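For the numbers below, each heavy atom of this structure counts, side chains included, while hydrogens, waters and symmetry mates do not. Chain identifiers are assigned alphabetically (A, B, ...) following the order of the sequence lines, protein sequences preceding nucleic acid strands; residue numbering begins at 1 within each chain. Everything numeric in this text was worked out from a predicted model, so none of it was measured.
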Protein chains: 2
Amino acid sequence: MKHEAIRKSFERFLRTRDLKLTSQRSRIFERAFSTHEHFSAETLYDWLREEEGPKVSRATVYRTLGLLLEGRFIQSLDVGRGELVYEHVTGHAHHDHMVCLACGKIEEFHDERIEALQAEASAKRGFVVVSHAHRLVGYCRGCVRKARREDEEEQRFGGGAATE
Amino acid sequence: MKHEAIRKSFERFLRTRDLKLTSQRSRIFERAFSTHEHFSAETLYDWLREEEGPKVSRATVYRTLGLLLEGRFIQSLDVGRGELVYEHVTGHAHHDHMVCLACGKIEEFHDERIEALQAEASAKRGFVVVSHAHRLVGYCRGCVRKARREDEEEQRFGGGAATE
DNA sequence: TTTACTGCAAATTCTTTGCAACAAC
DNA sequence: GTTGTTGCAAAGAATTTGCAGTAAA
């Protein structure tokens, strides 16, 4: 689905629920869908603050994210501790995540075979799946390389004690 | 690994880090490992409050959970929004989770084939996995049945509008 | 004009922390 | 005795909420 169609869908969503299309909601929606990055409520709030346009308060960001979530336009994912992170789901194929502990980058991956096995496991238990979260936590290729380089240098120059 | 051995391992863990085995830590450890249920910090705190023994404050519960986490005796999992939930990992085979939205029950499942595909996906991207969280969210068999029965009764007796 | 929306600041929820008294080692 | 621990209450971080003014429809 392309941007234009998604926006229409959001407007329809608001109308069916007798909600109003305010300039704040519009800005939040546009900003959230103009990126392919994952973002937290705070990040989105910061973006909106830096860019020009009608003022949007933090409370409204949270409230609108709630709406987008209900409408299944976006999806939240828990990336370790702390704040929730969002990504748009409409117009974006389903996928799972790999979260890098060092740089925070979130890579997406997808494997039909895993999905099939998941379906099999839940069917066997009579469990009806509404959504699923599949997250691998570790170190991405770039950070692993970087760490390896640093280890080598440490060896070469003789470093101090290893600290965390 | 059986209980006795796990406790020894915990004591060893404390000793290597020059930490002390206090009655509070001991109680928290014993309580956490005496159940196969998943628990939150608050739940654990409540258990300790109801049962008799040396007083344990909420702060100490959090601090000790932190220690157990560092020592990989327990593992945390994000079950939807809000608080973190813990389970012991030592002496317990690896598994994934199905979380029921209706009753909150957490079922465990495991499939070697999924693990293998996960390993394949991460290897392909040069991603080094430290841990993973795989969670299916939905409705368990019991709750699905219950909901179905209620739907049938609603039809039979003619219910009002469906509300959330 | 009606009904919903927004910003603000205060409230909540979960978790962490500073500090003085206290208990392992 | 030392050094790490505890409880308490206050602090923090993320998110929610009550309310009076404001803006869509």
Side-chain angles (χ1 to χ4, degrees), chain A residues 7-8 10-32 38-49 53-71 74-86 104, chain B residues 7 10-32 38-49 52-71 74-86 104:
Chain A
R7 177 173 36 233
K8 285 269 180 282
F10 178 52
E11 290 175 10
R12 208 176 313 123
F13 171 78
L14 291 177
R15 243 177 287 118
T16 40
R17 305 175 55 138
D18 282 312
L19 300 178
K20 291 167 182 171
L21 178 63
T22 62
S23 58
Q24 284 81 351
R25 284 183 181 157
S26 192
R27 276 199 77 193
I28 293 171
F29 171 85
E30 291 300 334
R31 194 59 187 81
H38 295 75
F39 55 86
S40 65
E42 192 64 26
T43 308
L44 181 52
Y45 174 63
D46 288 341
W47 286 344
L48 293 170
R49 228 140 65 114
K55 166 162 204 182
V56 178
S57 71
R58 196 182 264 105
T60 297
V61 169
Y62 278 104
R63 285 190 275 234
T64 305
L65 284 175
L67 275 180
L68 290 171
L69 220 40
E70 277 183 52
I74 62 174
Q75 182 173 57
S76 66
L77 53 141
D78 275 312
V79 178
R81 290 232 17 60
E83 63 195 2
L84 281 180
V85 166
Y86 301 88
Chain B
R7 176 170 39 232
F10 178 53
E11 289 174 11
R12 208 174 314 122
F13 170 77
L14 292 177
R15 241 176 289 119
T16 41
R17 305 175 52 140
D18 282 311
L19 299 177
K20 290 166 181 172
L21 178 63
T22 62
S23 58
Q24 285 80 352
R25 285 184 180 154
S26 191
R27 275 199 76 193
I28 293 171
F29 171 84
E30 290 302 332
R31 194 57 187 84
H38 294 77
F39 54 86
S40 65
E42 193 63 28
T43 308
L44 180 53
Y45 174 62
D46 288 341
W47 286 342
L48 293 170
R49 229 139 69 111
E52 55 184 33
K55 165 160 207 185
V56 178
S57 70
R58 197 181 262 104
T60 297
V61 169
Y62 277 103
R63 285 190 275 234
T64 306
L65 284 175
L67 274 181
L68 290 171
L69 220 40
E70 277 183 54
I74 61 174
Q75 182 171 58
S76 66
L77 52 143
D78 277 310
V79 178
R81 289 230 21 59
E83 62 195 3
L84 280 180
V85 166
Y86 301 87

Problem - Main-chain N/O of B:Leu48 paired to B:Arg27 side chain as donor or acceptor, under 3.5 Å - result: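 Present.
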Practice task
Please check if the side chain of A:Arg25 supplies one atom and the backbone of A:Thr64 the other of a donor-acceptor pair under 3.5 Å.
Solution key: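 No; judged by distance alone, with no hydrogens or angles, the pair does not exist.
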Practice task
Test B:Phe13 against B:Leu68 for side-chain contact (heavy atoms from CB on, under 4.5 Å), laying out the working first.
Solution key: CA-CA 9 Å; B:Phe13 170 77; B:Leu68 290 171; over 6 Å; no
Problem - Chi angles and distances behind the side-chain contact (heavy atoms from CB on, under 4.5 Å) call for B:Leu67, B:Leu14 - result: CA-CA 9 Å; B:Leu67 274 181; B:Leu14 292 177; 4.3 Å; yes
Quick one: [X] [atom1] to [N] [atom2], roughly how many Å, whole number?
X	N	atom1	atom2	result
B:Arg27	D:dT6	CZ	P	13 Å
A:Leu44	D:dT15	CG	C1'	14 Å
B:Arg15	D:dG4	CZ	P	17 Å
B:Arg58	D:dA9	CZ	C1'	12 Å
B:Leu84	C:dT16	CG	P	9 Å
A:Tyr45	D:dT15	OH	P	14 Å
B:Arg25	D:dT5	CZ	C1'	6 Å
B:Leu14	C:dA24	CG	P	13 Å

Completion exercise
Picking from C:dG7, C:dC5, D:dC8, the nucleotide nearest the side-chain atoms of B:Lys55 would be D:dC8
Handout entry: Heavy-atom closest contact (B:Ser76 atom, B:Leu69 atom, distance)
Key =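 Minimum heavy-atom contact is N-CD1, 3.8 Å.
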Handout entry: Per-nucleotide protein contact string for nucleotides 18-25 of chain D, where B marks a base within reach and S marks sugar-phosphate only (heavy atoms under 4.0 Å, - for neither)
Key = B-----BS
Problem - Derivation and outcome, side-chain contact (heavy atoms from CB on, under 4.5 Å), residues A:Arg58 and A:Glu42 - result: CA-CA 8 Å; A:Arg58 196 182 264 105; A:Glu42 192 64 26; 3.0 Å; yes
Completion exercise
Judged by nearest nucleotide, the residue sitting upstream toward the 5' end of DNA chain C, A:Thr64 or B:Tyr62, is A:Thr64
Problem - Along DNA chain D (nearest heavy atom to each residue), the more 5'-positioned of A:Tyr86 and B:Leu67 - result: B:Leu67
Handout entry: Residues B:Phe39, B:Leu65; criterion side-chain contact (heavy atoms from CB on, under 4.5 Å); working and verdict
Key = CA-CA 11 Å; B:Phe39 54 86; B:Leu65 284 175; 4.1 Å; yes
